[in-house]
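Have a look at the structure below before the remarks.
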Amino acid sequence: MGTIIKSVEAFQVTWVENEPPGRRTAIVRVTTEGGLVGYGEAYPMLDEEHSLAIVRDFAASLTGQDALDQAVICDRLLHKYVSSVRACSQASSDAFAGRVVR
């Protein structure tokens, strides 16, 4: 069966009726061109749409990749998101330490 990623989808699951925001789980479904389907779970965030937005943002970059090539997939996601997180962390540390660049 083919292992090239055809689609990446994200949706929410509630475990109890009227579950409050922040408790809903984001589920990721990856479907390959060969019909293989895999599921993953993203930890609920304070804003119920946060996890879904992140998955939807990177979904297009995974389409066409080999689902079995985990190293490439992780590398793509880390380069896209970790550098942004690191930049925000550095900026907030500078602000806390009173370092100002003018």
Side-chain angles (χ1 to χ4, degrees):
M1 291 207 141
T3 59
I4 301 302
I5 296 173
K6 176 180 163 184
S7 64
V8 179
E9 304 162 89
F11 53 93
Q12 286 185 331
V13 173
T14 56
W15 303 107
V16 295
E17 191 173 341
N18 298 318
E19 194 160 38
R23 298 280 317 256
R24 299 172 186 152
T25 301
I27 301 293
V28 179
R29 177 174 42 224
V30 173
T31 304
T32 69
E33 292 176 352
L36 300 171
V37 178
Y39 292 89
E41 178 182 10
Y43 184 77
M45 300 298 215
L46 295 176
D47 174 4
E48 64 186 71
E49 294 291 321
H50 186 74
S51 294
L52 297 176
I54 292 171
V55 173
R56 290 174 180 153
D57 184 56
F58 70 64
S61 69
L62 298 184
T63 303
Q65 301 300 310
D66 187 340
L68 299 179
D69 199 348
Q70 295 294 304
V72 171
I73 290 172
C74 287
D75 189 61
R76 285 178 184 267
L77 296 178
L78 285 171
H79 279 88
K80 182 168 186 173
Y81 293 100
V82 171
S83 63
S84 298
V85 171
R86 190 173 54 210
C88 291
S89 175
Q90 181 65 49
S92 62
S93 293
D94 284 352
F96 179 74
R99 294 186 290 254
V100 178
V101 178
R102 294 177 193 247

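Note that the coordinates shown come from a computational prediction; the quantities given were computed from them, not determined experimentally.
- Both V13 and Y39 are part of a single hydrophobic cluster, where members link through side-chain heavy atoms under 4.5 Å apart.
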Applying side-chain contact (heavy atoms from CB on, under 4.5 Å) to K6 and T32, what does each step give before you reach the verdict? CA-CA 5 Å; K6 176 180 163 184; T32 69; 5.7 Å; no
V28 vs V8, side-chain contact (heavy atoms from CB on, under 4.5 Å): CA-CA, chis, key distance, verdict: CA-CA 7 Å; V28 179; V8 179; 3.9 Å; yes
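- No option in I5, I73, V37, L62 other than I5 meets the side-chain contact (heavy atoms from CB on, under 4.5 Å) test with V30.
- To the nearest 0.5 Å, atoms CD (E41) and CD1 (I27) are separated by 5.0 Å.
- The closest side-chain heavy-atom distance from L36 to T3 is below 4.5 Å.
- Note on residues 57-78: pairs passing salt bridge (Lys or Arg N to Asp or Glu O under 4.0 Å), not counting sequence neighbours, are D57-K80.
- For E9, the salt bridge (Lys or Arg N to Asp or Glu O under 4.0 Å) partners two or more places apart in sequence, or in a different chain, are R29.
- At a threshold of 4.5 Å between non-hydrogen side-chain atoms, the residues Q65 and V72 count as touching.
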